[in-house]
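Order of the sequence lines sets the chain letters (A, B, ...), proteins ahead of strands, with each chain counted from 1. Just so we're clear, the structure is a prediction, and the values are computed from it rather than from any experiment.
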Protein chains: 2
Amino acid sequence: MDHEVTAVPRAQRPDPAGHATIYDIARVAGVSPSTVSRALNKPGRINATTEQRIREVAADLGYRLNPVARALYTGQTSTFALILSDITNPVYFELVRGAETVGARENYTMVLAESQESGAREADAAERLLPAVDGIALVSTRMPDEQIRHLAARKPLVVVNRRVDDVLSIVPDPRPGIEAAIEHLAALGHRSFAYLSGPRTSYMSQLRWEIAFECALAHGLSVVEIGPCEPTLAGGRAIKRRVLAAGVTSVLAYNDIIAIGLLLECRDSGMDLPGQLSIVGFDDSFGSDFTSPPLTTIRSPLRQAGELAVERLLSLVRDEDHQHVDDLATVLVQRGSTAAPMLT
Amino acid sequence: MDHEVTAVPRAQRPDPAGHATIYDIARVAGVSPSTVSRALNKPGRINATTEQRIREVAADLGYRLNPVARALYTGQTSTFALILSDITNPVYFELVRGAETVGARENYTMVLAESQESGAREADAAERLLPAVDGIALVSTRMPDEQIRHLAARKPLVVVNRRVDDVLSIVPDPRPGIEAAIEHLAALGHRSFAYLSGPRTSYMSQLRWEIAFECALAHGLSVVEIGPCEPTLAGGRAIKRRVLAAGVTSVLAYNDIIAIGLLLECRDSGMDLPGQLSIVGFDDSFGSDFTSPPLTTIRSPLRQAGELAVERLLSLVRDEDHQHVDDLATVLVQRGSTAAPMLT
DNA sequence: CCGGATTTGGCAATCGGTTGTCATCAAGAA
DNA sequence: TTCTTGATGACAACCGATTGCCAAATCCGG
């Protein structure tokens with residue numbers, strides 16, 4: 001009835017390669033396992049010559065510490081989870097790399113999970129990973145605040161690109177970049193402006209809109225929100241109709257993907273860019289300089305955000321103090337997709 | 001002298017949240033821990049009413065199995081490692097996603113490591129992860145065959161984009177795509193052709209060159225190899241000089257990044273594309289349709305490669321038979337960067 | 001040369017599940 | 001009524017490393 005491996009209970013269970021354990025070393029070196037353990041990770045606790053001998057035996061036997069066994073006793077797995085909504089979204093590439101780099105530097109292993117844009121799947125992943133990691137980083141999470149706090153109460157946790165009360169939040173400040181962008185547009189002579197918003201549930205999209213609104217007013221531009229717009233190429237292409245209908249001469253998109261989609265659609269329909277429409281993206285993500293004209297965009301320090309998130313997470317794990325508050329500022333990257341508006 | 005936490009040996013060690021264990025459940029339900037264990041994962045082994053009661057107590061206590069403890073005894077961590085040279089290389093995005101998806105489906109956790117293009121760092125990562133995972137997938141590895149075989153002898157292992165004897169290798173067949181591309185170029189009237197090669201140590205670049213050479217000859221095109229070319233935008237831009245010097249009318253690049261770099265450089269210098277030069281990329285990676293003209297490219301089934309790699313890896317872990325041999329074929333994606341050569 | 005301080009290293013418990021073995025008990029067969 | 005048989009659940013060993021505690025060995029000054 002069952003096809004499970006009921007026979008051969010041992011024999012095939014341990015590593016086929018049969019890793020050496022501290023017990024093997026102890027036997028060969030003629031000491032006790034506890035001595036081996038101490039020799040290997042409490043330098044000085046053990047007589048220098050004994051320690052040396054043990055190290056040699058360990059090397060001979062090709063010993064590698066079994067992290068699972070250590071984790072069981074210590075409760076520390078030296079592992080953290082990074083959960084994000086969409087691995088293939090280029091916005092996250094640099095963030096992931098930053099996280100991985102810091103993790104590796106601190107001898108932590110990174111576990112990557114994807115929630116495929118679903119809050120439920122995200123909660124699932126978090127719940128599943130919870131007992132196996134020391135901490136969790138949630139990037140652009142779709143979970144409600146309450147659920148996030150509940151997780152944070154059980155494990156060290158940081159959220160990136162979202163502000164949650166009582167939870168360590170890493171969120172780049174969009175203001176400097178947006179201010180610069182709108183100043184830039186105003187200086188070029190634009191009088192009308194639209195913000196292309198992302199998913200309704202996105203904290204970041206909401207925040208960017210509020211700031212853009214404020215800045216546009218301050219510079220005397222007319223300002224409207226167009227959206228929500230799906231954060232994909234197709235979403236950006238589809239929004240063109242509404243942008244043209246609104247009759248604006250400049251737009252800021254929630255992110256580069258939307259901006260690029262819009263740009264491609266405009267070019268395909270033979271519009272003159274940037275003359276007829278100035279487009280500003282957000283994030284300076286991979287590929288934003290491939291377009292023609294190359295996209296003017298607001299760079300988010302995503303790499304640093306990833307690094308910082310993991311640094312903070314680990315200090316939370318180690319129960320250290322959180323030192324300085326560092327600001328992650330955005331900056332405007334001027335490229336070719338913005339220009340003075342053509343006179344009609 | 002030492003800042004380590006020597007005091008407070010217990011108390012803070014276990015989960016702050018104090019997870020329930022099977023011992024807690026056993027106590028509440030009035031049975032032994034072994035009964036709890038069996039009730040929870042050997043359905044039928046335990047009296048139905050007892051089992052039900054145990055399940056209820058477990059739910060009440062919010063019990064979650066500790067995977068570390070299970071792993072220690074069983075030797076199975078339900079975790080696999082994916083090691084690749086560069087996380088931010090868009091070629092891998094879909095591959096990573098495919099791997100993650102299959103892993104999640106099979107209740108495996110994916111650990112991601114990056115070797116930063118260094119064979120030594122890659123070996124390091126593999127060595128470090130070895131005792132903590134059930135299997136390893138190496139993508140576009142830079143390690144020598146011998147070292148790979150040595151790893152494979154110790155843990156289930158698969159390599160992607162590389163052929164290594166006696167090791168499970170997943171490698172998409174570049175031939176169909178290359179044949180189609182060269183046929184396409186020949187049909188457009190091209191008589192000369194160059195292959196822009198990638199890193200010298202890349203198995204895939206070598207393979208693609210050999211096939212391209214063969215196909216070009218078969219279609220009566222002149223053919224040269226230009227390179228090696230660093231697989232970055234800058235590398236692609238830098239190669240323009242040599243391409244022009246070679247006087248060819250069509251090129252196939254080792255990958256899209258190189259092709260896009262070349263394309264951007266040509267546009268920036270005012271060349272007429274695709275009239276003066278037809279460019280074909282490889283991989284159909286993210287952003288290859290952002291350019292103007294959009295890049296004609298050879299699509300590699302990277303998503304499937306990622307899925308297949310993990311499926312194979314897991315069946316290796318489970319010691320199952322490897323069923324059918326599936327072919328991963330490449331296919332030509334015609335876009336705008338190829339056209340009939342301008343008459344000079 | 002002695003007594004106390006300091007090293008040094010072994011014993012055994014522990015982390016949380018898993019499973020082989022075995023005793024017990026009830027039901028069915030003879 | 002007795003024996004067989006299967007169902008049920010407890011006991012204890014085990015996975016590999018860590019560490020509190022203690023005893024033995026060594027060193028020191030007086």
Side-chain angles (χ1 to χ4, degrees), chain A residues 4-15 18-27 29-54 58 61 63-78 130-132 134, chain B residues 2 4-15 18-27 29-54 58 61 63-78 130-132:
Chain A
E4 277 130 57
V5 189
T6 40
V8 202
R10 267 307 116 128
Q12 70 151 219
R13 249 227 299 102
D15 266 23
H19 255 165
T21 70
I22 57 168
Y23 294 86
D24 300 323
I25 300 177
R27 196 163 2 85
V31 296
S32 89
S34 51
T35 304
V36 175
S37 173
R38 287 195 261 252
L40 262 26
N41 44 58
K42 300 270 158 80
R45 174 70 175 74
I46 293 293
N47 181 294
T49 62
T50 312
E51 182 180 324
Q52 188 50 36
R53 182 159 44 90
I54 290 176
L61 264 43
Y63 169 77
R64 308 232 98 218
L65 179 140
N66 181 331
V68 174
R70 166 180 281 178
L72 180 56
Y73 182 81
T74 63
Q76 301 275 308
T77 59
S78 291
L130 197 66
D134 292 347
Chain B
D2 58 355
E4 277 128 57
V5 190
T6 40
V8 202
R10 268 307 116 129
Q12 73 154 217
R13 250 226 298 99
D15 262 25
H19 257 164
T21 71
I22 57 169
Y23 293 86
D24 299 324
I25 300 177
R27 193 160 8 84
V31 296
S32 89
S34 53
T35 304
V36 176
S37 173
R38 286 195 258 255
L40 263 23
N41 44 60
K42 299 270 157 78
R45 175 68 175 77
I46 293 294
N47 179 296
T49 62
T50 311
E51 181 178 324
Q52 188 52 37
R53 182 159 43 90
I54 289 176
L61 265 42
Y63 170 77
R64 310 230 97 219
L65 179 140
N66 182 331
V68 173
R70 167 179 282 176
L72 180 56
Y73 183 81
T74 63
Q76 301 275 309
T77 59
S78 293
L130 197 67

Report the distance from atom CD1 of I25(B) to atom P of dG16(C), rounded to the nearest whole Å. 12 Å
Whole angstroms only, please: what is the CG-C1' distance between L40(B) and dG9(D)? 15 Å
Contact under 4.0 Å: T50(B) side-chain N or O vs dG9(D) OP1/OP2: yes
Side chain of S34(B) only, please: which of dG10(C), dA17(D), dA12(D) is the nearest? dA12(D)
Between dT18(C) atom P and R45(B) atom CZ, what is the distance in whole Å? 14 Å
Can you tell me how far apart OG1 (T35(A)) and CD1 (I25(A)) are? Round to the nearest 0.5 Å. 12.0 Å
Rounded off to whole Å, could you give me the CG-to-P distance for the L65(A) and dA17(D) pair? 6 Å
Rounded to the nearest angstrom, tell me the gap between atom CG in L72(B) and atom P in dC14(D). 14 Å
Can you measure from OG (S37(B)) to CZ (R70(B)) and round to the nearest 0.5 angstrom? 7.5 Å
Check for a donor-acceptor pair, side chain of R53(B) on one end and backbone N or O of A29(B) on the other, with a separation under 3.5 Å. yes
With a cut-off of less than 4.0 Å, is there a side-chain N or O of S37(A) near OP1 or OP2 of dT18(D)? yes
How long is the line joining CG of N66(B) and P of dT14(C), in whole Å? 18 Å
Please tell me which of R38(A) and R38(B) maps to the more 5' nucleotide of DNA chain C, matching each residue to the nucleotide holding its nearest heavy atom. R38(A)
Using a cut-off of less than 4.0 Å, is there contact between a side-chain N or O of T35(B) and OP1 or OP2 of dA10(D)? yes
Distance in angstrom units between R64(B) CZ and dC15(C) C1', rounded: 20 Å
Quick one: is N41(A) getting a side-chain N or O under 4.0 Å of the dT18(D) phosphate, OP1 or OP2? yes
Examine dT19(D): is either OP1 or OP2 under 4.0 Å from a nitrogen or oxygen in the side chain of K42(A)? Give yes or no. yes
Does dA17(D) have OP1 or OP2 under 4.0 Å away from a side-chain N or O of Y63(A)? yes
Phosphate contact (dG16(C) OP1 or OP2) by T21(B) side-chain N/O below 4.0 Å: no
Between the base of dG17(C) and the side chain of Y23(B), is there a donor-acceptor distance below 3.5 Å? yes
Quick check on dT8(D): is either OP1 or OP2 less than 4.0 Å from any side-chain nitrogen or oxygen of N47(B)? yes
Straight-line distance of N47(A) CG to I54(A) CD1, nearest 0.5 Å: 9.5 Å
Under 3.5 Å donor-acceptor, T77(B) side chain and A71(B) backbone: no
Does V36(A) reach a base, just sugar-phosphate, or nothing at all? Heavy atoms under 4.0 Å. nothing
In whole angstrom, give the distance that lies between atom CD of Q76(A) and atom P of dG16(C). 14 Å
